[in-house]
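First up is the structure itself, then whatever we jot down about it.
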Amino acid sequence: MNKLIVIDGNSIANRAFYALPLLSNAQGQHTNAVYGFTTMLMKLIEEEKPTHFLVAFDAGKVTFRHKDYKEYKGGRAKTPPELSEQFPMIKQLLEAFAIQQFELEGYEADDIVGTITKMADEQQFPVLVVTGDKDMLQLASQHVTIALTRKGISEMEKYDPEAIKEKYGLTPQQIVDLKGLMGDSSDNIPGIPGVGEKTGLKLLHEYGTVEEVLAHADDLKGKMKEKVKEHAESARMSKELATIFREVPLDFGWESLKYEGYEAASLAEMFTRLEFKSLLEKMNLSTARGEIKEEEVSLITIGPGQLGQLGEILPRIQSIHVEVTGENPHQGAILGIGLAGEDACYFISIDTLKQEAAQPLVKWLEDEAKEKVIYDAHKAQLALHWQGIELRGIRFDVLLAGYLLDPTKNDQTLSGMTDQYGVPAIQSDEHVFGKGAKFKVPEIEVLSEHLCRKALAVHRLQPVMQKHLNELQMDELFYDLELPLSSVLASMELRGVKVDVQELKDFGEELQKKLDEVISHIYELAGTEFNLNSPKQLGEILFDKLGLPVIKKTKTGYSTDAEVLEKLEPYHEIISHILYYRTISKLQSTYVEGLLKEVHTDTGKIHTYYRQTIAATGRLSSQFPNLQNIPIRLEEGRKIRKVFKPSEEGWRILAADYSQIELRILAHISKDEKLIEAFREDRDIHTKTAMDVFGVSAEQVDSEMRRRAKAVNFGIVYGISDYGLSQNLNITRKEAAAFIEQYFAVFQGVRAFMDDIVKQAKKDGYVSTLLHRRRYLPEINASNFNQRSFAERTAMNTPIQGTAADVIKLAMVQLYNRMQKEKVQSRMLLQVHDELVLEVPPNEMDLMERMVRETMENALELAVPLKVEVSSGKDWYEAK
DNA sequence: TTGCTCACG
DNA sequence: ACGTACGTGAGCAAC
């Protein structure tokens with residue numbers, strides 16, 4: 001049975017674009033409309049099984065309709081660039097699907113569809129028209145069904161003449177009459193003002209056509225009569241404009257529209273380029289493509305019987321993959337190791353690796369001179385260490401490379417990278433292991449093949465990624481900074497921080513007493529017991545029961561955050577107790593109970609896991625537990641720091657932090673004379689800012705002025721906006737704008753930097769740090785104000801925050817090397833963005849104070865000095 | 001899994 | 001007119 005699908009290409013692309021969030025690929029091209037178009041095509045092919053297929057597009061800016069009515073489609077917002085840039089991709093996509101497409105200068109897609117359906121009617125050929133445009137209903141007939149997209153694009157509603165009758169009480173032909181009366185604001189078709197769908201339908205049910213309505217205008221009543229008479233000509237013209245032209249000169253017949261299905265390989269290639277990973281998997285093309293490209297590779301399992309052959313195998317190995325389960329590599333088990341060279345790959349289980357006869361492999365893993373390429377060296381190093389093996393000789397890490405090439409890429413998995421960098425695909429871990437609760441170690445045959453292929457994929461990715469790094473001038477950043485840093489981090493984490501468990505428990509008991517007291521007091525004041533941890537229940541108590549004013553709402557209900565509660569304090573005694581409860585219960589659950597859970601049973605220490613490939617700016621993050629957010633601002637919380645001790649008797653904790661590193665970096669990259677001068681003279685930067693902005697002397701700067709200047713400085717670093725500053729300072733937006741203007745009048749270099757960096761981001765699509773770290777900002781040219789503004793602030797902030805991250809990372813690598821060279825006993829323990837924490841034996845205190853300060857201050861030469869404050873104490877609390 | 005809240009730089 | 005300050009991770013409630 002024949003069936004032709006005709007798609008109104010422009011209409012569907014538009015629908016898809018507005019229905020889906022702005023996705024984009026590694027090149028910063030937006031792909032949401034392409035994605036929506038693709039899913040729709042796949043669904044149609046699967047469900048409708050067409051024998052013939054055509055996609056029609058508009059062509060040319062001026063159609064014949066403009067000749068009759070110049071304002072046609074006037075006033076319509078221009079197609080946003082984010083959409084228009086996607087049309088070439090949609091056309092390529094159709095080629096990959098082997099679907100015919102057609103456009104003709106001077107005609108719209110509607111007219112082409114109209115002509116085809118007319119042919120279909122004449123020759124009784126069944127057609128399904130797919131569009132988002134209701135006007136197309138006029139084309140419905142015995143042979144032609146119209147599918148209209150509903151909310152989003154995934155759902156469709158099909159209309160044949162009966163369905164139209166049922167819904168509107170009209171024939172398909174009357175759809176144009178309806179539009180003649182109603183008009184259409186999106187096409188700037190006027191119709192009769194005041195006539196909408198309801199009135200239009202009423203008139204047509206009575207009179208049938210526009211012409212008849214006009215002829216009987218005198219029968220109408222009141223205002224309607226005047227309107228119809230006055231706009232009769234408009235109605236006639238509107239009807240004409242809404243009528244789809246069905247005589248487009250087409251020079252093809254059914255034969256050329258035949259649809260024979262697509263070739264998986266070319267579609268896979270297209271999806272790979274577009275980074276439609278989920279679609280690749282859905283169509284099972286990932287494997288299809290793998291089979292095509294994964295040439296003769298021998299998959300060999302090294303069992304206990306093959307260990308004797310390690311001597312011949314090892315010289316051929318260039319890449320490895322260590323499969324670690326679980327999120328925390330300090331606790332993770334190793335499932336096995338894949339090893340690969342140019343023409344072969346191997347698998348060895350962790351049990352086999354532990355046998356005596358596997359020692360040559362262990363020696364090889366530990367040999368600095370045996371160079372290895374790997375995915376996630378850091379994690380492998382940690383997991384292997386807990387198995388008694390010290391991984392050395394890492395020369396390339398594809399995870400780290402992927403992060404530098406695009407730190408905001410959400411898919412950092414190995415299978416994601418193979419797709420993205422165009423090397424033979426492998427199965428996703430999710431496919432092999434399942435995810436979350438469904439995680440399961442597969443049978444050994446599946447596991448061994450997967451790990452083999454992963455090692456091989458690492459090997460294949462290395463030259464491609466190396467080339468990309470080189471092209472982006474990231475060689476130094478990669479080889480001299482991030483790669484060595486990964487080992488430094490591993491050594492810090494493995495050393496761990498000593499925690500006094502008893503002291504922490506005692507602190508927890510004190511907190512519990514306070515909690516019990518405040519909870520019962522709150523219940524008393526509320527007149528009922530409820531779950532204090534539930535914002536929902538708390539909101540009901542405060543705003544429904546007690547009737548306190550609602551300051552702010554969240555999308556699910558009342559907001560009860562600290563900012564709101566502080567404003568409510570004067571209204572009710574209960575509020576201050578709730579604030580107190582929040583503070584103490586946070587300490588108890590996150591910092592007492594949370595930390596206790598993370599103390600390692602063997603070492604009595606906390607071993608955090610620094611993530612090097614998470615933060616978009618280049619910063620580190622810390623997990624299991626997060627040691628970068630231990631309380632300090634409030635005294636009650638700060639006491640937590642007392643339990644972090646040196647691991648040896650008599651040693652001390654040494655903390656060194658950069659003073660104002662971000663503003664110093666801003667001074668350097670903006671070359672602002674005033675800011676540079678301020679730092680060269682080592683001024684208190686907030687006071688100096690207050691003096692310059694408010695035009696007063698140092699003595700005249702009071703605490704309020706300094707506070708405001710400090711907020712402005714923060715705002716500058718975050719990518720200033722008057723709204724944000726006004727929120728922070730609790731002032732009006734106008735006042736905030738005035739502050740910013742005054743600031744920029746003084747610090748003109750900063751203003752120029754902010755303007756330039758945004759301009760550059762708009763031109764290049766990315767911003768960079770001093771060490772060439774890069775962050776893409778695909779939304780910098782978005783038409784959506786919010787998205788664009790966010791990207792603009794990010795453009796201002798990332799070079800600053802990112803360069804600060806570069807600097808402290810440099811300092812860490814340099815300091816680690818010096819400490820190795822000097823063979824000190826001291827150890828680096830923690831990094832908290834602008835601070836390093838070490839443990840130091842008494843006899844090394846002077847040496848280390850000097851070494852740390854000297855290294856950090858000279859990590860990178862800038863136009864202003866870097867200043868470091870060093871302090872020490874018997875615990876982290878005292879080292880302030 | 002998502003949303004809210006809150007700890008840090 | 002539009003409405004968020006930049007970057008993170010963790011605990012808890014509620015779906």
Side-chain angles (χ1 to χ4, degrees), chain A residues 327 407-408 435-437 530-539 552-565 578-579 581-595 597-598 608-611 614-634 636-638 640-641 657-662 666 711-729 733 736 740 767 775 782-802 804-805 808 830-835:
Chain A
E327 286 208 282
T408 52
K435 74 165 174 183
F530 62 102
N531 188 344
L532 258 170
N533 288 327
S534 161
K536 192 169 164 236
Q537 293 183 33
L538 178 62
K552 193 166 70 174
K553 288 200 141 198
T554 67
K555 55 180 155 179
T556 51
Y558 304 120
S559 171
T560 67
D561 64 19
E563 197 190 319
V564 168
L565 294 182
I578 292 168
L579 281 165
Y581 169 81
R582 284 258 175 95
T583 312
I584 303 301
S585 81
K586 176 83 176 177
L587 288 175
Q588 183 73 305
S589 62
T590 305
Y591 296 104
V592 176
E593 291 165 2
L595 287 178
K597 268 185 246 165
E598 299 289 348
T608 188
Y609 174 42
Y610 285 108
R611 304 292 311 267
I614 299 294
T617 53
R619 276 191 177 183
L620 299 175
S621 81
S622 157
Q623 286 181 317
F624 319 128
N626 182 356
L627 291 185
Q628 290 182 319
N629 70 348
I630 302 301
I632 191 167
R633 291 172 191 170
L634 300 174
E636 275 141 325
R638 192 173 196 155
I640 288 281
R641 295 184 172 226
D657 66 292
Y658 281 110
S659 161
Q660 303 296 348
I661 187 168
E662 292 188 334
L666 175 61
V712 172
N713 278 329
F714 267 95
I716 292 291
V717 169
Y718 291 157
I720 195 99
S721 75
D722 49 12
Y723 189 84
L725 183 64
S726 73
Q727 289 289 302
N728 189 283
L729 282 179
R733 221 173 71 186
I740 293 168
V767 290
R775 177 175 183 178
S783 49
N784 180 306
F785 174 87
N786 267 334
Q787 293 182 343
R788 189 177 62 248
S789 304
F790 186 42
E792 287 170 356
R793 292 194 299 276
T794 309
M796 299 185 240
N797 171 264
T798 293
I800 303 171
Q801 193 183 120
I808 192 161
L830 301 171
Q831 188 253 41
V832 193
H833 308 308
D834 64 354
E835 172 188 12

Between [atom2] of [N] and [atom1] of [X], the distance in whole Å:
X: A:L666; N: C:dC6; atom1: CG; atom2: P; answer: 17 Å
X: A:L595; N: C:dG9; atom1: CG; atom2: P; answer: 16 Å
X: A:N531; N: C:dG11; atom1: CG; atom2: P; answer: 17 Å
X: A:Y658; N: B:dC8; atom1: OH; atom2: C1'; answer: 19 Å
X: A:E662; N: C:dC6; atom1: CD; atom2: C1'; answer: 8 Å

Of the candidate nucleotides [options], which contains the atom at the shortest distance from the side chain of [X]?
X: A:A616; options: B:dG3, C:dG3, C:dT8; value: C:dT8
X: A:I632; options: B:dC8, B:dG3, C:dA14; value: B:dC8
X: A:T556; options: B:dG3, C:dT4, B:dG9; value: B:dG3
X: A:P631; options: B:dT5, B:dA7, C:dA5; value: B:dA7
X: A:D561; options: C:dC6, C:dA10, B:dC6; value: B:dC6
X: A:R793; options: C:dG9, C:dT4, B:dT5; value: C:dT4
X: A:R633; options: B:dC6, B:dC8, C:dT8; value: B:dC8
X: A:F790; options: C:dG7, C:dG3, C:dC12; value: C:dG7
X: A:L725; options: B:dC6, C:dA14, C:dA5; value: C:dA5
X: A:Q537; options: B:dC6, C:dA14, C:dG11; value: C:dA14

Next item on the list: Of all the heavy-atom pairs spanning A:L587 and A:P631, show the shortest one and how long it is.
Entry: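 Where A:L587 meets A:P631 most closely, the heavy atoms are CD2-CG, 3.9 Å.
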
Are any of [X]'s side-chain N or O atoms less than 4.0 Å away from OP1 or OP2 of [N]?
X: A:K555; N: B:dG3; result: yes
X: A:S721; N: C:dA5; result: no
X: A:T554; N: B:dC4; result: yes
X: A:T560; N: B:dT5; result: yes
X: A:T617; N: C:dT8; result: no

Check: Now, which nucleotide makes the Watson-Crick or G-U wobble pair with B:dG9, with each of the two distances under 3.5 Å?
Finding: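 Base partner found: C:dC6.
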
Checklist line | Any donor-acceptor N/O pair under 3.5 Å between C:dT4 base and A:S789 side chain | finding: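 No.
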
Next item on the list: Check whether the side chain of A:R775 and the base of C:dG7 form a donor-acceptor pair under 3.5 Å.
Entry: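 For A:R775, whose side chain was compared with the base of C:dG7, there is no donor-acceptor pair (under 3.5 Å).
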
Notebook entry, point to check: On a whole-Å scale, what distance lies between the P atoms belonging to B:dG3 and C:dT4?
Noted result: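 The same atom, P, in both gives a distance of 15 Å.
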
Margin query: Taking only the P atom of each, what is the distance from B:dT5 to C:dA5 in whole angstrom?
Written below: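 My reading of the P atoms in B:dT5 and C:dA5 gives 13 Å.
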
Notebook entry, point to check: If you find the nucleotide of DNA chain C closest to A:F785 and the one closest to A:H833, which residue's nucleotide is nearer the 5' end?
Noted result: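 The residue closer to the strand's 5' end, by nearest nucleotide, is A:F785.
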
Note to self: Is it the case that the side chain of A:S622 and the backbone of A:L627 share a donor-acceptor pair, with hydrogens and angles ignored and the cut-off at 3.5 Å?
What the structure shows: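 Yes: the side chain of A:S622 pairs with the backbone of A:L627.
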
Next item on the list: Have a look at A:I630 and say if it touches a base, only the backbone sugar-phosphate, or nothing, with a 4.0 Å heavy-atom cut-off.
Entry: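 Result for A:I630 = sugar-phosphate.
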
Check: When you look at CZ of A:F530, are more than 12 heavy atoms from neighbouring residues, nucleotides or ligands closer to it than 6.0 Å?
Finding: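 Counting other residues, nucleotides and ligands, CZ of A:F530 exceeds 12 neighbours.
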
